[in-house]
Amino acid sequence: MATMTELSPTAGKTKYSQDTRVDESLVPKKVLSFRSTRYGIAFMAHFCNFILMAQYAAINISMVAMVNGTNHQSQFNGSTESLPLDALGGSNDAPNSLPAEAPVYDWSPQIQGIIFGSVNYGVMLTMAPSGYLAGRIGTKRVVGVSLVVSSLLIIFTPLAADLGLAFLIATRIVQGLAQGSILGGQHALWERWGPPCERSRLCTLALSGMMLGTFTIILLGGIISQTLGWPFVFYIFGGIGFVYCLLWFVLVYDDPVSHPWISVTEREYIVSSLAQQVSPHKQPLPFKAMLRSLPLYAICLCSFSHQWMITILTVYMPTYISSVFNINIRDNGFLSAFPFIISWVTGILGGQLADFLLTKNFRLVTVRKIATFLGNFPSSVLLVALSYLTPDYVTTMTLLVVSCGLTPFCQSGIYINALDIAPRHSSFLMGASREFGYTAAILASTISGFLLSQDPEFGWRNVFLLLFAINLSGLIFYLIFGDAVVQDWAKDRKLTRL
């Protein structure tokens, strides 16, 4: 006779709440140190995400140069008037300052939106499968191989653009397949490297590399485009990706047990703290139960609404600044990049704050919802306000900086919430939830390009109002149905025979 014995992952006493509970008598005390191996793994993931986002967003700033001199730029002006560059101490010499050998294309705002969004078709197809695959064969191979492919395709992008629009879109879709595997595959690391009381810090440190990558590509992309030509933006960051792959394969290991240089004390600390959360046996995914889980739906829908806002900020900020201020691509790069360095800092600090609140006996679900609220609502409100204010450099940049700077708080909320509700299946669920979220990246780019094309007078206002409505809907659903308790379908069930 067979019976099912349920092994709860929340046994034992602890000062942490809900599913972060482990038996403190089994876990040696260990202070998180920058010299620890798990911190080193987080830094490796940080720079991997830096390269991922730099390659992902390379076309966002390059597009200003790729279409410079066409007649479509004026369609982005929205309800604002272009401001002279005299306030910055320069002149609008962008068309004449681009290298002569850099080709220019006649792409409408709607076509640009399709190009921006095409990479996300590939991303959304591979995030969940890559998370599942990394849980089976390891993050090191899945992410490493995917980074090689992404770097190769980013170098090929200028040639694809010359071959025609269809080649460019196809290249970006395949590139998205590789980049989705990088983003989805890395989540399996924290199943084996992230002690429950340190997950916010480790995960946000890793994910904040995306903001640093966005800052760097927008800042340097403008300078490179103006001095060397926009194709070199793709060549340089593709080459950096190839070099980093060598470091990745040498320094990253899938778990502390297989790591050759980790100290015995740290290895025992990590393994013992995860002993009740990570099953030694591979278990099938409970798809039917997942499809009935409201907390999982809450994560997916809020990820969708947040990704919509991130896409508008990442993809369209250079275009928005160019349309409002009518400045050259170099100055555009400086202004567009600045908000993302603030995001990089707040992303790291947000993880520290989340883990600090847990030590003060805040409930885990409360911490996740506070972080998610801070990363959504204030930012969307500020973007709507931006469309109603008379543009000037100080007001516009202040609102953009604050709005962009608050968004990374979600890294300590919805983006690691799957580790809370289903730690044994988290690599698949984190990939699946972000995969669902990335459908917003496709829709946001395409719909925003359409809105800007159809309504030159109020285009930006319509884009930001739609963003606010979608963002608020996802946030409300998460605040009502979000949870941080290990779900029944995610608990370890062991088959025994009597």
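Of the possible polar contacts, one joining the Thr346 side chain to the Ile342 backbone as a donor-acceptor pair under 3.5 Å is found. Proximity of a side-chain donor or acceptor of Asp483 to a complementary backbone N or O of Val365 within less than 3.5 Å is not detected. Of the possible donor and acceptor atoms, one in the side chain of Arg461 sits under 3.5 Å from a partner among the backbone N and O of Ser387. Arg201 places no side-chain N or O within 3.5 Å of a backbone atom of Asp355 that could act as its donor or acceptor partner. Remark: side-chain polar atoms of Ser343 are paired, donor with acceptor, to backbone N or O of Cys404 under 3.5 angstrom. No donor-acceptor distance shorter than 3.5 angstrom exists from the side chain of His187 to the backbone of Gly431, with no hydrogens or angles considered. Between the side chain of Thr372 and the backbone N or O of Ile414 there is at least one donor-acceptor pair closer than 3.5 Å. Between the side chain of Asn471 and the main chain of Ser305, a donor-acceptor pair closer than 3.5 Å is present. When atom types are taken as modelled, the side chain of Ser379 and the backbone of Ser403 share a donor-acceptor pair closer than 3.5 angstrom. Between the Arg368 side chain and the Ser412 main chain, a donor and an acceptor come within less than 3.5 Å of each other.
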Using residues 436-447 as the side-chain source, report each donor-acceptor pair under 3.5 Å to any protein atom, sequence neighbours left out, with the distance given to one decimal.
| from | atom 1 | to | atom 2 | distance (Å) |
| --- | --- | --- | --- | --- |
| Thr439 | OG1 | Phe436 | O | 2.5 |
| Ser445 | OG | Ala441 | O | 3.0 |
| Thr446 | OG1 | Ile442 | O | 3.0 |

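Ring geometry for Phe43 against Tyr39 counts as parallel: the plane angle stays under 30°, on a 0 to 90° scale with 60° as the upper cut. Between Phe377 and Phe468, the ring planes are tilted. Angles from 30° to 60° get that label. Note: Tyr244 and Phe47 have tilted aromatic rings, judged against thresholds of 30 and 60 degrees for the angle between ring planes.
Inspection of the Thr139 and Gln186 side chains reveals no N or O donor paired with an N or O acceptor under 3.5 Å. Side-chain atoms of Ser151 and Gln55 form a donor-acceptor pair, as typed in the model, at a separation below 3.5 Å. One side chain, Tyr105 or Asp162, offers a donor N or O that lies under 3.5 Å from an acceptor on the other. Side-chain polar atoms of Gln110 and Ser453 form no donor-acceptor pair below 3.5 angstrom. Under the 3.5 Å distance criterion, with hydrogens and angles disregarded, a donor-acceptor pair is assigned to the side chains of Tyr478 and Asn417.
Annotation: side chain of Gln411 is in contact with side chain of Ser208 (closest heavy-atom distance under 4.5 Å). Contact check for Asp106 versus Val67: no side-chain heavy atoms found under the 4.5 Å cut-off. Counting heavy atoms from C-beta on, the side chains of Glu198 and Arg38 come closer than 4.5 Å. Residues Ser380 and Leu472 fail the side-chain proximity criterion, which asks for heavy atoms closer than 4.5 Å. The shortest side-chain heavy-atom distance between Met66 and Ile61 does not fall under the 4.5 Å cut-off. For the pair Met317/Leu335, no side-chain contact is recorded, criterion being any heavy-atom separation below 4.5 Å from C-beta on. With a 4.5 Å cut-off on side-chain heavy atoms, Arg172 and Ile115 count as touching. Side chains of Pro339 and Met397 form a contact here, defined as non-hydrogen atoms less than 4.5 Å apart.
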Exercise for the section: Go through Leu147 and Leu52 one step at a time and tell me if the side chain to side chain contact (heavy atoms under 4.5 Å, CB included) criterion holds. Expected result: CA-CA 8 Å; Leu147 186 57; Leu52 166 67; 5.7 Å; no
Handout entry: Chi angles and distances behind the side chain to side chain contact (heavy atoms under 4.5 Å, CB included) call for Tyr415, Ile299
Key = CA-CA 8 Å; Tyr415 290 128; Ile299 294 173; over 6 Å; no
Practice task
For side chain to side chain contact (heavy atoms under 4.5 Å, CB included), just list the numbers for Phe477 and Leu294, CA-CA rounded to whole Å, side-chain angles, deciding distance to a tenth of an Å, and then say yes or no.
Solution key: CA-CA 10 Å; Phe477 193 90; Leu294 278 176; 4.2 Å; yes
Practice task
Carefully, step by step, assess Gln175 and Ser150 under the rule side-chain hydrogen bond (donor to acceptor under 3.5 Å, both in side chains).
Solution key: CA-CA 5 Å; Gln175 179 186 340; Ser150 176; 4.5 Å; no
Problem - Stepwise side chain to side chain contact (heavy atoms under 4.5 Å, CB included) test for Phe373 and Phe409 - result: CA-CA 8 Å; Phe373 178 86; Phe409 277 107; over 6 Å; no
Problem - Stepwise side-chain hydrogen bond (donor to acceptor under 3.5 Å, both in side chains) test for Tyr56 and Asn120 - result: CA-CA 9 Å; Tyr56 176 89; Asn120 297 300; 2.7 Å; yes
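Of the residues Phe237, Phe242, Phe234, the one that meets the side chain to side chain contact (heavy atoms under 4.5 Å, CB included) test with Ile155 is Phe242. Of the residues Tyr388, Tyr320, Phe458, the one that meets the ring pair (Phe, Tyr, Trp, His ring centres under 6.0 Å) test with Phe464 is Tyr320. A side chain to side chain contact (heavy atoms under 4.5 Å, CB included) with Leu399 is found for one member of Val402, Thr396, Thr395 and no other, namely Thr395. A ring pair (Phe, Tyr, Trp, His ring centres under 6.0 Å) with Tyr393 holds for exactly one of Phe338, Phe334, Phe325; it is Phe325.
Val104 and Ala65 make their closest contact through CG2-O, 4.2 Å (heavy atoms, listed as atom of the first residue, atom of the second, distance). Closest of all the heavy-atom pairs between Leu429 and Ala418 is CB-CB, 3.9 Å. The minimum heavy-atom distance linking Ile154 with Pro158 is given by the pair O-CD, 3.8 Å. Residues Asn332 and Ser322 come closest through the heavy atom pair ND2-CB, 3.2 Å. Residues Ile416 and Cys203 approach most closely at CG2-CB, 3.5 Å, considering heavy atoms. When all heavy atoms of Met63 and Gln112 are compared, the pair lying nearest together is CG-OE1, 3.5 Å.
Within a 6.0 Å radius of CH2 in Trp344, other residues, nucleotides and ligands contribute 12 heavy atoms or fewer.
Qualifying ring pair (Phe, Tyr, Trp, His ring centres under 6.0 Å) partners for Phe428, counting only residues two or more places apart in sequence or in other chains: Phe287.
To the nearest 0.5 angstrom, Leu183 atom CG is 7.5 Å from Leu207 atom CG. Taking CE of Met309 as the reference point, atom CG of Leu475 lies at 9.5 Å (rounded to 0.5 Å). Ile41 CD1 to Ser36 OG: the interatomic distance, rounded to the nearest 0.5 Å, is 10.0 Å. Rounded to the nearest 0.5 Å, atoms CG (Leu219) and CD1 (Ile224) are 9.5 Å apart. Expressed to the nearest 0.5 Å, how far CD1 of Ile470 lies from CH2 of Trp308 amounts to 3.5 Å. Atoms CG and OG1, on Leu467 and Thr311 in that order, are 9.5 Å from each other to the nearest 0.5 Å.
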